[in-house]
Peer 1: 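Next up is a structure, given as structure tokens.
Below, each value reflects all heavy atoms present in this structure, side chains not excepted, and no hydrogens, waters or symmetry copies.
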Amino acid sequence: ESSRDFGAMNEWAKFYATNIPDTYEQVGEFLIRDQPTDLSRLIGSLKGLVPFSPEDTYALLTGPNGFGVNGDKLPTILLKLLNMWTNDPTNYLGNMMNVSKEKLLKAGVLTEFMKHHDMVPNYARDVAEALTNTDDDKFGIAEDRLKVYLKRCSGFTSRIDSLENWIELMAVTGIVHGATLSYSRLFADTDFLKWRDIRTDSWQTPDVNLHLKVLATTCGMDEHRHVMSSSTDVVGEKYDSKLQAVLETYEQKANALKEAYKNKIMEDTDEFNNYGWILSDFCPDGFDGKQLTVASYI
């Protein structure tokens, strides 16, 4: 909406926006559902209503038949994270980690993530510059609209003061989100899933429900919808030439990292056969049914 009068940018914005409404709804349907308050339970009982609907009880994260996360405390944690990102959009890593980048690298932690993460600031700068060079006036209008919109959003505060900030934040969180697909597969591992209810010695209906719903988050992908993609959602169409050139440059850099990583982890076939499901997040788009998703699951 912020770029509605700037065609070159609007086409790219549509690529980000595709599937977001559906994914937002799916998260509310399958992962996190507000649990009934004591008052609503009392009113429900007086009216002869069931205090929990089946959807509430089977929510993957907050449902009693899911992993039982406290539904009252979780929103507070999520809001804290959101405010952390929108108030300091260029320092995502510093806000999220309690150890320095140098210590992480020395310990061999998040090494592939770092390679992609470190490209993001330049990527955001060059994309913003390409759009500015395409039409400086329309870029300024779109940027002002975005800043106003973010400041008017309820529930969180925003200090994002440029489209470059916004692009950087979207790219980093996209890489993080794409790298969670293997972690989601852990939910389907029997040694992990049994802890949903460790007191029982047999699999129950909620276990099957969890297993099936997790499949949707670990197998869903859409070719070319990855961070730093140069593709549109329409086969054969391209973005404005200046933007297209920047996107292609960074996509090639990202793909080179992914290809090199894939070759490296497949050198040890025994390790790959045993742990490839969790090692393959930073492999080329589509490898093992994964990708570093552009903004949502696909």
Peer 1: Just checking, is any N or O donor in the side chain of Thr90 or Asn165 under 3.5 Å from an acceptor N or O on the other one?
Peer 2: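 Distance-only check fails for Thr90 and Asn165.
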Peer 1: In Å, rounded to the nearest 0.5 Å, how long is the span from OG1 of Thr173 to CE of Met170?
Peer 2: 5.5 Å
Peer 1: Please enumerate all residues that pass side chain to side chain contact (heavy atoms under 4.5 Å, CB included) together with Glu102, with sequence neighbours excluded.
Peer 2: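 Expected list: Ser100.
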Peer 1: Heavy atoms only: give me the nearest Thr86-Pro89 pair and the separation to one decimal.
Peer 2: O-CD, 4.0 Å
Peer 1: State, to 0.1 Å, how close Val227 and Gly174 come at their nearest heavy-atom pair, and which atoms those are.
Peer 2: CG2-C, 3.7 Å
Peer 1: Could you pull out all donor-acceptor pairs under 3.5 Å where a side-chain atom in residues 256-263 meets a protein atom, sequence neighbours excluded?
Peer 2:
unit_1 : atom_1 : unit_2 : atom_2 : d
Glu259 : OE2    : Lys262 : NZ     : 2.9
Tyr261 : OH     : Leu279 : O      : 2.6
Asn263 : ND2    : Glu259 : O      : 3.3

Peer 1: Is the ring pair Phe272/Phe287 parallel, tilted or perpendicular, if the boundaries are 30 and 60 degrees?
Peer 2: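 Phe272 and Phe287: tilted rings.
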Peer 1: So how far is it from Ser2 OG to Leu163 CG, rounded to the nearest 0.5 Å?
Peer 2: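 CG of Leu163 is found 7.5 Å from OG of Ser2.
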Peer 1: Mind checking what makes side-chain hydrogen bond (donor to acceptor under 3.5 Å, both in side chains) contact with Asn274, not counting sequence neighbours?
Peer 2: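 Once residues adjacent in sequence are excluded, Asn274 has no partner under the side-chain hydrogen bond (donor to acceptor under 3.5 Å, both in side chains) criterion.
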Peer 1: Could you tell me which residues satisfy side-chain hydrogen bond (donor to acceptor under 3.5 Å, both in side chains) with Lys253, sequence neighbours excluded, listed by chain and number?
Peer 2: none
Peer 1: Counting only heavy atoms not in Lys151 (residues, nucleotides, ligands), do more than 12 fall under 6.0 Å from its NZ?
Peer 2: yes
Peer 1: Short question: side chain of Asn209, backbone of Thr205 - any donor-acceptor pair under 3.5 Å?
Peer 2: no
Peer 1: According to a hydrophobic-cluster definition based on side-chain heavy atoms being under 4.5 Å apart (Ile, Leu, Val, Met, Phe, Trp, Tyr only), do Ile278 and Trp195 belong together?
Peer 2: no
Peer 1: Salt bridge (charged side-chain N to carboxylate O under 4.0 Å, His left out): which pairs involve residues 189-200, sequence neighbours left out?
Peer 2: Arg196-Asp207, Asp197-Arg199
Peer 1: Using side chain to side chain contact (heavy atoms under 4.5 Å, CB included) as the criterion, list what pairs up with Ser241, not counting sequence neighbours.
Peer 2: none
Peer 1: For the CG atom of Asp88 and the CD1 atom of Ile160, what is their distance to the nearest 0.5 Å?
Peer 2: 10.5 Å
Peer 1: Among pairs that include at least one residue of residues 142-161, which meet ring pair (Phe, Tyr, Trp, His ring centres under 6.0 Å), considering only residues two or more places apart or in two chains?
Peer 2: none
Peer 1: Would you indicate whether Arg159, at its atom CZ, is surrounded by more than 12 heavy atoms from other residues, nucleotides or ligands within a distance under 6.0 Å?
Peer 2: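 Incorrect, the count does not exceed 12.
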Peer 1: Please, which pairs that meet side-chain hydrogen bond (donor to acceptor under 3.5 Å, both in side chains) have at least one residue in residues 129-144, sequence neighbours excluded?
Peer 2: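 Sorted result for residues 129-144: Thr134-Asp240.
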Peer 1: Is the shortest side-chain heavy-atom distance between Val127 and Leu131 below 4.5 Å?
Peer 2: yes
Peer 1: Is the backbone of Ala124 close enough, under 3.5 Å, to the side chain of Glu164 for a donor and an acceptor to pair up by distance?
Peer 2: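 Checked: no pair found.
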Peer 1: Strictly by salt bridge (charged side-chain N to carboxylate O under 4.0 Å, His left out), give each pair with a member in residues 276-286 just once, sequence neighbours left out.
Peer 2: Asp281-Lys290
Peer 1: For Thr76, which residues count as a side chain to side chain contact (heavy atoms under 4.5 Å, CB included) partner, sequence neighbours excluded?
Peer 2: none
Peer 1: Return the NZ to CG distance between Lys101 and Leu93, rounded to the nearest 0.5 Å.
Peer 2: 7.0 Å
Peer 1: Check whether any side-chain heavy atom of Met119 lies under 4.5 Å from a side-chain heavy atom of Ile175, and answer yes or no.
Peer 2: no
Peer 1: Does Leu292 share a hydrophobic cluster with Ile265, counting links as ILVMFWY side-chain heavy atoms below 4.5 Å and allowing steps through other members?
Peer 2: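 Result: yes, single cluster for both.
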Peer 1: Side-chain donor-acceptor pairs under 3.5 Å in residues 103-116, sequence neighbours left out?
Peer 2:
unit_1 : atom_1 : unit_2 : atom_2 : d
Glu112 : OE2    : Lys115 : NZ     : 2.9

Peer 1: Which atom names give the shortest non-hydrogen contact between Tyr92 and Trp85, and what distance separates them?
Peer 2: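 Closest pair (atom of Tyr92, atom of Trp85, distance): CE1-NE1, 3.3 Å.
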Peer 1: Using the rule that two of Ile, Leu, Val, Met, Phe, Trp, Tyr join whenever any of their side-chain heavy atoms come within less than 4.5 Å, decide whether Phe15 and Met228 are in one cluster.
Peer 2: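 Linked, Phe15 and Met228 end up in one cluster.
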Peer 1: Any chain of hydrophobic side-chain contacts (each under 4.5 Å) joining Phe282 to Met96?
Peer 2: yes
Peer 1: Please report the shortest heavy-atom distance between Ala171 and Val120, naming the atom on each side.
Peer 2: CB-CG1, 3.8 Å
Peer 1: To the nearest 0.5 angstrom, please state how far the CG atom of Asn10 sits from the CZ atom of Arg4.
Peer 2: 10.0 Å
Peer 1: What do the steps show when you test Leu82 against Leu78 for side-chain contact (heavy atoms from CB on, under 4.5 Å), and what is the final call?
Peer 2: CA-CA 6 Å; Leu82 180 59; Leu78 297 178; over 6 Å; no
Peer 1: On a heavy-atom basis, which atom in Thr190 and which in Trp203 lie closest, and how many Å separate them?
Peer 2: O-CH2, 3.7 Å
Peer 1: More than 12 heavy atoms of other residues, nucleotides or ligands under 6.0 Å from OH of Tyr275: is that the case?
Peer 2: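 Atom OH in Tyr275 is not packed in, count stays at 12 or less.
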Peer 1: Look at the side-chain heavy atoms of Ile, Leu, Val, Met, Phe, Trp and Tyr, link any pair under 4.5 Å apart, and say whether Trp166 and Met84 land in one connected group.
Peer 2: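 Yes, because Trp166 and Met84 connect within a single hydrophobic cluster, where side-chain heavy atoms sit under 4.5 Å apart.
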Peer 1: A side-chain contact here means heavy atoms from C-beta on lying under 4.5 Å apart; do Leu243 and Met9 qualify?
Peer 2: no
Peer 1: Any non-hydrogen side-chain atom of Thr249 less than 4.5 Å from a side-chain atom of Tyr123?
Peer 2: no
Peer 1: Taking all non-hydrogen atoms of both residues into account, name the closest pair between Asn83 and Asn87 and its distance.
Peer 2: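 Looking at all heavy atoms of both residues, the shortest contact is O-ND2, 2.7 Å.
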Peer 1: Restricting to side-chain hydrogen bond (donor to acceptor under 3.5 Å, both in side chains), what partner residues turn up for Glu251, sequence neighbours left out?
Peer 2: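 Scan of Glu251 (side-chain hydrogen bond (donor to acceptor under 3.5 Å, both in side chains), adjacent residues dropped) gives His226, Ser230.
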Peer 1: At what distance, to the nearest 0.5 angstrom, does CD of Glu237 lie from OG of Ser231?
Peer 2: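 Answer for the CD-OG pair, Glu237 versus Ser231, is 12.0 Å.
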Peer 1: Does any N or O in the side chain of Ser229 come within less than 3.5 Å of the main-chain N or O of His224, such that one atom is a donor and the other an acceptor?
Peer 2: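 Pair found, side chain donor or acceptor close to backbone of His224.
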